[in-house]
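One structure is given here, and the rest of the page talks about it.
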Amino acid sequence: MDPILSVTLIAAAGGSIRGLLDLYSAVLAWQSARNKHIKEGGEPSERPSFSASCDLAPDLLAAVFHVVLGAFAGFVLVLTGQIESSLMALLAGAAAPALLQQMVTVKWRLVQARAFGLDGGGQTGRFAQPAQGEPASLGKATESSAADGGRRDPEHG
């Protein structure tokens with residue numbers, strides 16, 4: 001089987017975990033309501049039905065969306081080399097809604113930063129500061145630093 005397809009299917013299975021957990025929560029709420037009814041001496045014919053704890057149609061539709069989002073997240077992450085194992089694919093599928101929202105947010109912030117001329121750590125000017133732990137010689141020079149021959153000014157060390 002194609003590795004991309006297998007990772008996508010595993011991530012889709014991970015997406016189904018979210019729907020199963022939602023259904024499990026509804027079953028627990030139903031069980032709790034029925035147990036409370038019994039302890040209070042309620043009539044057996046008046047016990048709460050499952051539909052009182054769960055609206056099945058929207059919950060099933062949400063579960064389908066979770067599966068689709070899980071498959072999409074797995075597909076994107078395997079194409080970008082971010083997933084290397086079945087467990088990673090399963091977890092990415094389960095976390096797909098939050099993971100995809102985070103990816104969109106980060107992408108939007110990058111677009112905003114570029115639109116305002118920010119680089120590196122959000123700095124403008126002669127040099128972007130190197131990442132923490134990175135030697136200063138690896139710092140990325142900007143266009144203005146090329147004009148002065150690459151010399152660092154005292155402010156940026």
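All figures in this text were calculated on a predicted structure; none of them were measured in a lab.
Annotation: side chain of Met103 is in contact with side chain of Val76 (closest heavy-atom distance under 4.5 Å). Taking the side chain as every heavy atom from C-beta outward, Asp59 and Leu23 never approach each other to under 4.5 Å. You'll find the side chain of Ile10 stays beyond 4.5 Å of the side chain of Leu87, heavy atoms only. A heavy-atom distance below 4.5 Å is not found between the side chains of Leu60 and Val64. Side-chain contact between Val27 and Phe50: present, with at least one pair of heavy atoms (C-beta onward) separated by less than 4.5 Å. The shortest side-chain heavy-atom distance between His66 and Asp22 falls under the 4.5 Å cut-off.
Using modelled atom types, one side-chain atom of Ser16 and one backbone atom of Ala13 make a donor-acceptor pair closer than 3.5 Å. Between the side chain of Arg34 and the main chain of Pro48, a donor-acceptor pair closer than 3.5 Å is present.
Within a 6.0 Å sphere centred on CZ of Arg47, other residues, nucleotides and ligands contribute more than 12 heavy atoms.
Considering all non-hydrogen atoms of both residues, Met88 and Glu84 come closest at SD-N, 3.7 Å. Shortest non-hydrogen contact noted between Gly74 and Val7 is O-CG1, 4.0 Å. Here the shortest heavy-atom pairing between Ala29 and Ser53 reads C-OG, 3.8 Å. Residues Leu69 and Pro97 approach most closely at CD1-CG, 4.1 Å, considering heavy atoms.
Considering CG of Leu28 and SG of Cys54, their distance stands at 12.0 Å, rounded to 0.5 Å. With values rounded to the nearest 0.5 angstrom, Leu21 atom CG is found 7.5 Å from Ile17 atom CD1. Between the CD1 atom of Ile83 and the CG atom of Leu91 there is a distance of 9.5 Å, given to the nearest 0.5 Å.
A single hydrophobic cluster is seen to contain both Trp30 and Leu56, as judged by linkage of ILVMFWY side chains at heavy-atom distances under 4.5 Å, directly or through other members.
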